[in-house]
Amino acid sequence: MDFGKLTSVDQVNFALQEEPRQNRAVLGSIHQKGNKTIYLGPTGYNMKPWVGKWYPTGAKDKDYLKHFGVQFNTIEMNTTHYRIPDVATVTHWYQMVPDDFRFCPKIPQSISHAPDLGLNGREIELFCEAIGGLAEKMGACFMQLPPYFSPKDLPKMLLFLDRWPAAIPLAIEWRHPSFFEANEASEHVFQVLEERNISTVITDVSGRRDVCHLRITASPVLIRFVGNDLHQSDYDRIRDWANRMALWFEQGLEQVYFFTHEPDNLLAPELTAFCLETFREAMPQVQIRGPKEVGGRQGSLFD
């Protein structure tokens, strides 16, 4: 992930922003339907370097998703950002993972980055029909908008939301800086998401601290955490997130999807394992499942 990447993070202030005043009311309005849960996992699963450490020794490419599903219970699915999958592919994904696994597929860029957001074609319907095969293993789709998409484009977004099936959970990641300014225009955008029960994506990345906005509009909340090769700040930031999420769960939040990123994705499982240990300590009442090295070398920590 190159967005917001810095060559050095030694001078970055990673402190989380103050709690938005609107969050307490939003969290208090959430109607609990089940257990409080954190779904925890990295992005991508086709990782040969994980074989022998996080995947069994000798694991074959075709089985990587199955092994991923044993270790983690969610994935930020970037494959769908580049093409709409066919029905057979979605069926295969569904069959390869356990019942408690949840996919979070990214909306294709042919929709999210199109000038019309796909409104003048059949891309939206085709994607939703295909991804509907995930059934109960669907977590939330998320729409990563380009950096030039601003609050002035809200009318277009409203048309898109009118077209989007209410049965498929949706979260939106804004990148234009004006979405995070303290003014009526930006707040109106978040209020629209509240009214339509659309979640926000919060991205914690070193070079764009504004996108770590903390504004909640619905449950679940999607958090994309971008680490820096397990720099000490990665661990400190995870501890801060544990404390913040503990507050949110106390105030009524039901679900969080927490995705870990590391350069080239190589160390994402190590970071996820640290998340598991830290989150369990801070939120013992919340259900979390996460990884352990194959062979149980760290079983005492993560079982």
S.K.: Checking side-chain contact (heavy atoms from CB on, under 4.5 Å) against Glu262, which of Val226, Thr272, Asp234 comes through?
M.R.: Asp234
S.K.: Just by distance, do the side chain of Ser219 and the backbone of Gln255 share a donor-acceptor pair under 3.5 Å?
M.R.: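 Indeed, once roles are kept as given, a pair shorter than 3.5 Å links the two residues.
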S.K.: Rounded to the nearest 0.5 Å, what separation is found between the CD atom of Gln144 and the CZ atom of Arg224?
M.R.: 5.0 Å
S.K.: May I ask you to test the Tyr45-Lys66 pair for a side-chain heavy-atom distance under 4.5 Å?
M.R.: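 Side chain of Tyr45 against side chain of Lys66, heavy atoms only: no contact under 4.5 Å found.
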S.K.: Looking at Arg196, I want to see if its CZ is surrounded by more than 12 non-hydrogen atoms of other residues, nucleotides or ligands under 6.0 Å.
M.R.: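 Atom CZ in Arg196 is crowded, with more than 12 foreign heavy atoms closer than 6.0 Å.
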S.K.: Is there a continuous path of hydrophobic side-chain contacts, each under 4.5 Å between heavy atoms, that joins Met157 to Ile168?
M.R.: yes
S.K.: How far does CG of Leu65 sit from CD of Gln95, to the nearest 0.5 angstrom?
M.R.: 11.0 Å
S.K.: Among side-chain atoms of Tyr39 and Gln287, is any donor-acceptor pair under 3.5 angstrom?
M.R.: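 No, because no side-chain N or O of Tyr39 sits under 3.5 Å from a partner of the opposite role on Gln287.
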S.K.: Tell me if the NZ atom of Lys60 is crowded by more than 12 foreign heavy atoms within 6.0 Å.
M.R.: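 No, the 6.0 Å shell around NZ holds no more than 12 heavy atoms from other groups.
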S.K.: Does a side-chain heavy-atom distance below 4.5 Å link Phe101 with Ile75?
M.R.: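 The answer is yes, as the side chains (C-beta and beyond) meet within the 4.5 Å cut-off.
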S.K.: Would you mind reporting whether His67 and Val51 have side-chain heavy atoms less than 4.5 Å apart?
M.R.: no
S.K.: Would you please name every residue forming a ring-ring contact (aromatic ring centres under 6.0 Å, His included) with His188, sequence neighbours left out?
M.R.: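 With sequence neighbours excluded, His188 shows a ring-ring contact (aromatic ring centres under 6.0 Å, His included) to no residue whatsoever.
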S.K.: Please tell me whether Asp86 and Thr89 have a donor and an acceptor in their side chains that are separated by less than 3.5 angstrom.
M.R.: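 Looking only at side-chain atoms, Thr89 and Asp86 do form a donor-acceptor pair, the distance falling under 3.5 Å.
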S.K.: Can you confirm whether Gln285 is buried at CD, in the sense that more than 12 heavy atoms of other residues, nucleotides or ligands lie under 6.0 Å from that atom?
M.R.: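 Yes, the 6.0 Å shell around CD holds more than 12 heavy atoms from other groups.
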S.K.: Is atom CD of Glu18 surrounded by more than 12 heavy atoms (other residues, nucleotides or ligands) closer than 6.0 Å?
M.R.: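 At most 12 heavy atoms, drawn from other residues, nucleotides or ligands, come within 6.0 Å of this atom.
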S.K.: Salt bridge or not between Glu270 and Lys53? Use side-chain N to carboxylate O under 4.0 Å.
M.R.: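 Salt bridge flag = yes for Lys53 with Glu270.
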S.K.: Taking only Lys NZ, Arg NE, NH1 and NH2, and the carboxylate oxygens of Asp or Glu, determine whether Asp236 and Arg239 approach each other closer than 4.0 Å.
M.R.: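 Yes, this pair counts.
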S.K.: Nearest 0.5 Å, what's the CZ-CD distance between Arg215 and Glu19?
M.R.: 10.5 Å
S.K.: Please tell me whether Phe249 and Leu222 are part of a single hydrophobic cluster in this structure, the criterion being side-chain heavy atoms less than 4.5 Å apart.
M.R.: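 Hydrophobic grouping puts Phe249 apart from Leu222.
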S.K.: Within the structure provided, determine whether Met47 and Trp54 are in side-chain contact (heavy-atom separation under 4.5 Å).
M.R.: no
S.K.: Measuring from Asn23:CG to Gln251:CD, what's the distance to the nearest 0.5 Å?
M.R.: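 Reported to 0.5 Å precision, the distance equals 7.5 Å.
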S.K.: Would you say the side-chain atoms of Asn243 pair up with the backbone N or O of Asp240, donor to acceptor, closer than 3.5 Å?
M.R.: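 Not confirmed, Asn243 side chain does not pair with Asp240 backbone.
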S.K.: Would a 4.5 Å heavy-atom cut-off, applied to side chains only, mark Pro269 and Glu293 as touching?
M.R.: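 Result no, sub-4.5 Å side-chain heavy-atom pair not found.
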S.K.: What salt bridge (charged side-chain N to carboxylate O under 4.0 Å, His left out) pairs are there with at least one residue in residues 108-125, not counting sequence neighbours?
M.R.: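 Passing the test, one end in residues 108-125: Arg122-Glu129, Glu125-Arg163.
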S.K.: Kindly work out whether a path of hydrophobic side-chain contacts (I/L/V/M/F/W/Y, heavy atoms less than 4.5 Å apart) joins Leu271 to Val256.
M.R.: yes
S.K.: Roughly how far, to the nearest 0.5 Å, is CD1 of Ile288 from OG1 of Thr278?
M.R.: 9.5 Å
S.K.: State, with a plain yes or no, whether a side-chain heavy atom of Ile198 is found less than 4.5 Å away from one of Ile172.
M.R.: yes
S.K.: Heavy-atom distance under 4.5 Å between the side chains of Leu170 and Ile107, does that happen here?
M.R.: yes
S.K.: Verify, without hydrogens or angle tests, whether Arg289 (side chain) and Leu276 (backbone) share a donor-acceptor contact under 3.5 angstrom.
M.R.: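 No, the answer is negative, given that no donor and acceptor are paired below the 3.5 Å cut-off.
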S.K.: If the condition is ring-ring contact (aromatic ring centres under 6.0 Å, His included), which residues does Phe127 pass it with, not counting sequence neighbours?
M.R.: none
S.K.: How would you list, by chain and number, every residue that makes a ring-ring contact (aromatic ring centres under 6.0 Å, His included) with Tyr235, sequence neighbours excluded?
M.R.: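 Result, ring-ring contact (aromatic ring centres under 6.0 Å, His included) vs Tyr235: Phe274.
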S.K.: Under 4.0 Å between a side-chain nitrogen and a carboxylate oxygen: does that hold for Asp204 and Arg209?
M.R.: yes
S.K.: How about Phe68 and Met96: do any of their side-chain heavy atoms sit closer than 4.5 Å?
M.R.: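 Not in contact.
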S.K.: Quick one: does any side-chain atom of Thr200 pair with a main-chain N or O of Ile216 as donor and acceptor, under 3.5 Å?
M.R.: no
S.K.: Let me check something: do Val221 and Phe259 share a hydrophobic cluster, defined by ILVMFWY side-chain heavy atoms less than 4.5 Å apart, either directly or through other members?
M.R.: no
S.K.: Have a look at Ile202 and tell me which of Trp241, Phe225, Phe258 forms a side-chain contact (heavy atoms from CB on, under 4.5 Å) with it.
M.R.: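 The option that passes is Trp241.
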S.K.: Does Glu181 offer a backbone N or O that forms a donor-acceptor pair with the side chain of Ser186 under 3.5 Å?
M.R.: yes
S.K.: Less than 6.0 angstrom from the centroid, inside 45 degrees of the normal: does Arg102 satisfy that with respect to the ring of Tyr257?
M.R.: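 No, a cation-pi geometry is absent between Arg102 and Tyr257.
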S.K.: Taking everything shown except Glu136 itself, do over 12 heavy atoms lie less than 6.0 Å from its CD?
M.R.: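 Counting neighbours around CD of Glu136, more than 12 heavy atoms of other residues, nucleotides or ligands fall under 6.0 Å, so yes.
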S.K.: Taking Asn265 for its side chain and Thr43 for its backbone only, find out whether a donor-acceptor pair lies under 3.5 Å.
M.R.: yes
S.K.: State the NZ-CG distance between Lys137 and Asn73, to the nearest 0.5 angstrom.
M.R.: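 Reported value, rounded in 0.5 Å steps: 12.5 Å.
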S.K.: Do any N or O atoms from the side chain of Glu194 and from the backbone of Ala218 form a donor-acceptor pair under 3.5 angstrom?
M.R.: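 Here the side-chain-to-backbone pair does not exist.
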S.K.: How would you list, by chain and number, every residue that makes a ring-ring contact (aromatic ring centres under 6.0 Å, His included) with Phe160, sequence neighbours excluded?
M.R.: Trp164
S.K.: According to a 4.5 Å side-chain heavy-atom criterion applied to Ile, Leu, Val, Met, Phe, Trp and Tyr, with indirect links allowed, do Leu193 and Leu145 form part of one hydrophobic cluster?
M.R.: yes
S.K.: State, without any angle test, whether Glu187 and Gln22 hold a side-chain donor-acceptor pair at a distance under 3.5 Å.
M.R.: yes
S.K.: Give every residue pair that meets the ring pair (Phe, Tyr, Trp, His ring centres under 6.0 Å) criterion with at least one member in residues 195-223, sequence neighbours excluded.
M.R.: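 For residues 195-223, and leaving out neighbouring residues, the ring pair (Phe, Tyr, Trp, His ring centres under 6.0 Å) pairs sorted by first residue read Phe180-His213, Phe190-His213.
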